[in-house]
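Here the structure is laid out as structure tokens; the discussion comes afterwards.
Keep in mind that the numbers below use all heavy atoms, side chains included, and drop hydrogens, waters and symmetry copies. Quick note on labels: first sequence line is chain A, next is B, and so on, each numbered from 1.
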Amino acid sequence: MSTVPPPRSETELLERAAALSGRTLRDLAAAAGRIVPPDQRRMKGWVGEFIEDLLGADARSLSEPDFRTLGIELKTIPLNARGRPAESTWVCIVPLAGDPESWEGSGVCRKLSRVLWVPVEGDRSIPLPARRVGSAFLWSPGPAEEIALRADWEELTGMIALGDLESITARHGRWLQIRPKAANARALTRSTDAGGAPLDTLPRGFYLRAAFTAALLRRHAPDPYNGPRPGPDPDPSK
DNA sequence: AGCTGATCATAT
DNA sequence: ATATGATCAGCT
């Protein structure tokens with residue numbers, strides 16, 4: 001197993017990511033002297049951590065962007081059989097105690113300010129080692145995207161501020177949703193109710209709906225396994 | 001087939 | 001317990 005140094009520029013990062021495109025996890029693991037687990041039932045974060053290692057992410061388990069000096073966050077997107085995101089994207093924990101945050105100072109805004117998205121085949125019928133990495137792309141929210149995300153964030157954090165956390169379900173929020181983020185349903189974290197009284201609640205996380213990342217994918221990697229730009233149609237006469 | 005609520009591993 | 005990385009599994 002080798003350690004890849006952090007990329008020194010966005011260009012270098014993108015070049016590394018492009019070099020993964022079209023290759024299987026088995027090939028990439030073999031080249032790195034690693035073994036792909038047979039499945040992810042007990043290794044749910046394996047793909048994301050593996051891609052981090054391959055690209056030289058240097059902030060594992062720190063509350064900083066994955067590529068610290070570049071200020072870039074890495075997110076893998078599992079794609080279903082139709083080539084669309086199969087899962088929502090984890091963003092960050094929902095702060096349930098302490099001082100209220102501004103949008104600009106929020107975890108959601110900071111995490112999503114610059115993201116390298118790496119699509120990976122995620123259809124459960126494909127054995128994990130055979131899954132291909134797709135075309136990565138770098139993204140920052142455009143003005144309309146930021147307005148939409150901020151509106152969801154304000155709606156959700158507003159409910160929490162009013163003490164309505166327990167009434168929030170995954171159905172709230174157009175693009176951003178709140179769901180449990182815990183080892184299990186018995187795990188508890190300290191929170192504060194509307195009156196400021198402490199209580200224990202299930203830890204929650206912010207997630208980006210699959211519909212949101214699907215839109216990003218359509219615009220930035222419409223053909224994720226065959227390069228970032230749609231190529232000419234294959235000639236049917238050949 | 002898509003979504004929601006629940007869960008798994010690792011490091012600190 | 002918190003933060004990192006997410007996917008699982010059951011229900012509609």
Side-chain angles (χ1 to χ4, degrees), chain A residues 1 3 25 29 34-68 72-98 101 106-108 110-112 115-129 131 133 136 152 156 165-192 198-215 217:
Chain A
M1 172 156 113
T3 299
L25 296 177
R34 295 175 55 163
I35 299 295
V36 185
D39 62 69
Q40 294 187 113
R41 298 164 61 111
R42 307 204 142 218
M43 311 274 294
K44 295 183 182 182
W46 190 86
V47 172
E49 289 162 2
F50 180 49
I51 301 295
E52 282 187 344
D53 291 345
L54 292 180
L55 295 178
D58 59 346
R60 177 82 67 83
S61 81
L62 299 180
S63 296
E64 296 179 52
D66 294 298
F67 302 97
R68 277 187 282 186
I72 295 172
E73 179 72 17
L74 173 66
K75 290 292 179 196
T76 58
I77 314 178
L79 303 185
N80 63 22
R82 298 177 49 203
R84 309 195 66 246
E87 295 284 354
S88 54
T89 298
W90 152 252
V91 180
C92 62
I93 205 75
V94 178
L96 297 176
E101 293 178 328
S106 70
V108 174
R110 287 184 288 104
K111 285 273 184 168
L112 298 181
V115 180
L116 180 73
W117 298 97
V118 182
V120 178
E121 277 183 320
D123 186 312
R124 276 130 113 151
S125 73
I126 306 172
L128 187 56
R131 295 183 193 175
V133 177
D152 283 343
L156 294 164
L165 170 66
E166 299 306 330
S167 69
I168 295 178
T169 75
R171 293 167 179 80
H172 290 89
R174 175 97 190 266
W175 305 116
L176 200 61
Q177 62 181 175
I178 287 180
R179 305 218 306 280
K181 170 63 172 177
N184 57 62
R186 277 76 66 194
L188 297 176
T189 190
R190 203 65 154 175
S191 68
T192 310
L199 71 154
D200 290 329
T201 51
L202 185 62
R204 317 298 169 90
F206 284 111
Y207 295 80
L208 240 26
R209 293 182 181 279
F212 184 86
T213 46
L217 218 43

List for me each residue that meets side chain to side chain donor-acceptor pair (under 3.5 Å) alongside Asp200(A), sequence neighbours excluded, and say none if there are none. Arg190(A)

Specify the separation, in whole Å, of atom CZ of Arg42(A) and atom C1' of dA6(B). 15 Å

Less than 4.0 angstrom from a charged side-chain N to a carboxylate O is my criterion; do Arg174(A) and Asp152(A) meet it? no

For the pair Glu121(A) (side chain) and Arg131(A) (backbone), establish whether a donor and an acceptor sit closer than 3.5 Å, ignoring hydrogens and angles. no

For Asp66(A) and dA3(C), give me the distance from atom CG to atom P, rounded to whole Å. 16 Å

So, is Arg204(A) close to the dG5(B) phosphate, meaning a side-chain N or O under 4.0 Å from OP1 or OP2? no

Has the side chain of Thr192(A) got a donor or acceptor atom that lies under 3.5 Å from a matching backbone atom of Pro198(A)? no

Between Asp66(A) (side chain) and Leu74(A) (backbone), is there a donor-acceptor pair under 3.5 Å? yes

Whole Å only: how far is the CH2 atom of Trp46(A) from the P atom of dT10(B)? 14 Å

Round to the nearest Å and state the distance from Ile51(A) atom CD1 to dG5(C) atom C1'. 12 Å

Distance in angstrom units between Ile93(A) CD1 and dA1(C) C1', rounded: 11 Å

Taking atom P of dA1(C) as reference, at what distance in whole Å does atom CZ of Arg190(A) sit? 11 Å

note: Asp200(A), atom CG; dT2(C), atom C1'; distance rounded to Å ~ 14 Å

With sequence neighbours excluded, give me every side-chain hydrogen bond (donor to acceptor under 3.5 Å, both in side chains) pair touching residues 74-84 of chain A. none

What do the steps show when you test Arg34(A) against Asp53(A) for salt bridge (Lys or Arg N to Asp or Glu O under 4.0 Å), and what is the final call? CA-CA 11 Å; Arg34(A) 295 175 55 163; Asp53(A) 291 345; 2.7 Å; yes

Only counting residues at least two apart or in another chain, list the ones meeting side chain to side chain donor-acceptor pair (under 3.5 Å) with Glu87(A). none

Protein within reach of the bases, or only the backbone? For nucleotides 6-12 of chain C, mark each nucleotide 5' to 3' as B, S or -, using heavy atoms under 4.0 Å. BBBB---

Of Ala183(A) and Arg209(A), whose closest DNA chain B nucleotide lies nearer the 5' terminus? Arg209(A)

Students should find that the end-to-end axis angle of the helix from dA1(B)-dT12(C) to dT12(B)-dA1(C), with five pairs defining each axis and rounding to 10 degrees, is 30°

Got a sec, which pairs hit side-chain hydrogen bond (donor to acceptor under 3.5 Å, both in side chains) with one end in residues 202-213 of chain A, sequence neighbours left out? Glu166(A)-Arg204(A)

Can you tell me if the side-chain N/O atoms of Arg171(A) get under 4.0 Å from OP1 or OP2 in dG5(B)? yes

Which nucleotide sits closest to the side chain of Thr189(A): dT7(B), dA1(C), dG5(B)? dA1(C)

Under 4.0 angstrom, heavy atoms only, what part of the nucleic acid is Arg84(A) near: base, sugar-phosphate, or nothing? nothing

Measure CZ/Arg186(A) against C1'/dG5(B) and give the value in whole Å, please. 13 Å

